[in-house]
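If you read the sequence from its start, that first residue is 1, and numbering goes on from there.
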Amino acid sequence: MNPNRQEGEPMPGGRLTHEDRRQIAIWLAEGLGYAEIARRLGRPTSTISREVARNNAPGGYLADRAQQAAGQRARRRRPVQATEPPADGRPAESVRGFVEEFATLLVGTGLPRMPARVFVCLLTSDSGGLTSAELVRRLQVSPASVSKAIGYLEAIELVRRTQNSGRRERYIIDDDVWLQAFKADTGAHAEVAAAARHGIEIFGAGTPAGTRLGQMAQFFTWISEQMNGSGLTDAVVHDALTVLAALVYAARPLTVDDLATALDWPIQRAADALDAISRRPILSDPLTVEQFERGAYAITPRPDRLSSAQRDALIVGGGPSKPERGTPQVRGSIDA
């Protein structure tokens with residue numbers, strides 16, 4: 001322990017003081033080792049060894065010269081100030097902390113770390129957009145890292161670039177960014193569902209692989225339909241349900257002309273309702289509307305709702321083993 005310190009006096013902080021350096025010089029001249037000097041100053045031995053190695057010179061370790069060099073290093077390490085001061089009195093440290101915490105959450109959803117940091121930085125910018133240089137200064141990263149992150153975010157349509165009056169590129173987040181992301185996901189989910197249905201054709205609906213693929217197709221179709229449903233108006237949805245009721249009531253295939261005549265609608269209205277059912281099959285779930293020969297439409301059960309074993313179990317003695325193509329599968333007497 002430093003004999004010059006009074007009992008109960010707190011040990012120095014992380015940085016060595018000028019007095020500490022004077023003591024080091026004295027004890028080195030007396031022949032003490034680094035471990036003993038560290039013990040007396042209450043410091044790790046590595047702190048003393050680094051201090052001496054960094055400031056040793058032909059004349060030996062000199063306290064004044066070591067103190068001057070430490071001051072110069074501290075001035076070079078001065079933190080870079082953000083180009084855009086926090087608005088509304090928000091502390092800069094709080095803003096930086098939020099950016100890092102929010103970015104960590106986005107990483108948990110699958111977004112890479114650097115694109116997540118850039119995205120949150122843009123999201124929380126009061127100016128509505130930032131240049132590459134501003135992002136570099138705010139995040140304290142290289143221009144190459146920012147460029148790569150921007151390229152990733154542009155590819156998934158979360159960020160777009162624009163130019164200000166000075167012809168400098170700025171990166172911004174549009175107000176409808178979440179709708180765009182939803183639409184992108186909808187297309188991907190629909191492609192997965194279609195691929196799974198193609199797999200069922202290859203492996204067979206009754207096989208274990210076909211069953212699993214059927215469940216997968218059903219799940220991704222449902223997600224895609226739910227996310228894409230905003231494109232249909234309430235009036236079109238109402239017409240689609242009316243067409244479904246008409247097909248169930250008729251219990252036979254009907255053409256577009258038949259439906260338009262029976263419902264007293266223009267032909268285009270009936271066609272639009274059938275198109276809505278085709279684009280959003282969940283409207284008719286657990287049934288589906290199939291188009292048969294001569295342009296007629298009929299209600300049939302969705303094939304992915306029941307497994308092969310379940311369908312076989314429902315066929316009781318004498319019942320049809322498999323409906324013929326062109327014959328509606330939903331039958332029965334429906335009283336007016």
Side-chain angles (χ1 to χ4, degrees), residues 1-86 89-108 111-121 124-125 130-150:
M1 186 173 183
N2 187 347
N4 295 322
R5 284 200 179 91
Q6 299 297 322
E7 185 177 353
E9 183 180 350
M11 292 294 180
R15 295 179 181 177
L16 293 169
T17 65
H18 198 178
E19 178 60 27
D20 289 334
R21 290 186 168 93
R22 286 176 180 168
Q23 288 294 335
I24 291 173
I26 292 172
W27 288 327
L28 284 173
E30 293 176 355
L32 296 182
Y34 294 159
E36 177 60 21
I37 294 173
R39 186 187 66 79
R40 294 188 180 191
L41 288 177
R43 304 277 186 161
T45 302
S46 59
T47 298
I48 307 303
S49 62
R50 282 196 303 267
E51 170 68 15
V52 175
R54 185 185 292 131
N55 298 291
N56 209 7
Y61 178 87
L62 300 176
D64 292 342
R65 186 170 58 194
Q67 181 67 20
Q68 184 180 9
Q72 291 173 349
R73 287 193 298 271
R75 284 192 292 273
R76 287 197 298 268
R77 288 196 298 264
R78 228 175 251 170
V80 178
Q81 297 297 321
T83 59
E84 183 183 53
R90 295 189 297 269
E93 191 63 33
S94 297
V95 173
R96 285 193 294 269
F98 175 80
V99 169
E100 295 302 323
E101 290 175 9
F102 200 174
T104 299
L105 291 176
L106 293 180
V107 169
L111 199 63
R113 179 71 184 177
M114 185 52 63
R117 294 181 68 201
V118 169
F119 180 76
V120 179
C121 201
T124 56
S125 169
L130 296 171
T131 65
S132 176
E134 288 170 336
L135 285 166
V136 166
R137 284 192 289 269
R138 284 170 175 265
L139 297 173
Q140 295 293 287
V141 295
S142 68
S145 296
V146 169
S147 177
K148 186 175 180 180
I150 288 294

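Under the 4.0 Å criterion applied to side-chain N and carboxylate O atoms, E134 and R137 are not assigned as salt-bridge partners.
Of all heavy-atom pairs spanning A116 and V107, the tightest one is CB-CG2, 4.0 Å. Shown here for R113 and A103, the closest heavy-atom pair between the two residues is NH1-C, 4.0 Å. Minimum interatomic distance between S142 and S145 (heavy atoms only, all atoms of both residues): OG-OG, 2.9 Å. In terms of heavy-atom proximity, V120 sits nearest to V99 at CG1-CA, 3.7 Å.
Counting heavy atoms from C-beta on, the side chains of W27 and L41 come closer than 4.5 Å. Inter-residue side-chain proximity for D64 and H18 is flagged as met; some heavy-atom pair is nearer than 4.5 Å.
Listed for the R138 side chain is no donor-acceptor partner under 3.5 Å among the backbone atoms of C121. Remark: side-chain polar atoms of S147 are not paired, donor with acceptor, to backbone N or O of P143 under 3.5 angstrom. Side-chain N or O atoms of S49 include one that pairs as donor or acceptor with a backbone N or O of S46 at under 3.5 Å.
A distance of 12.0 Å separates CG of L135 from CD of Q140, quoted to the nearest 0.5 Å. Rounded to the nearest 0.5 Å, atoms CZ (R40) and CD1 (I48) are 12.0 Å apart. In this structure, I150 CD1 and M114 CE are separated by 11.0 Å, a value rounded to the nearest 0.5 Å. Atom OG1 of T45 and atom CD of E36 lie 10.0 Å apart (nearest 0.5 Å). Annotation: the span from I37 atom CD1 to D20 atom CG amounts to 11.5 Å, rounded to 0.5 Å.
When the side chain to side chain contact (heavy atoms under 4.5 Å, CB included) test is applied to E51, the partners found at least two apart in sequence or on another chain are L16, R21, I24, R54, N55, Y61, A66.
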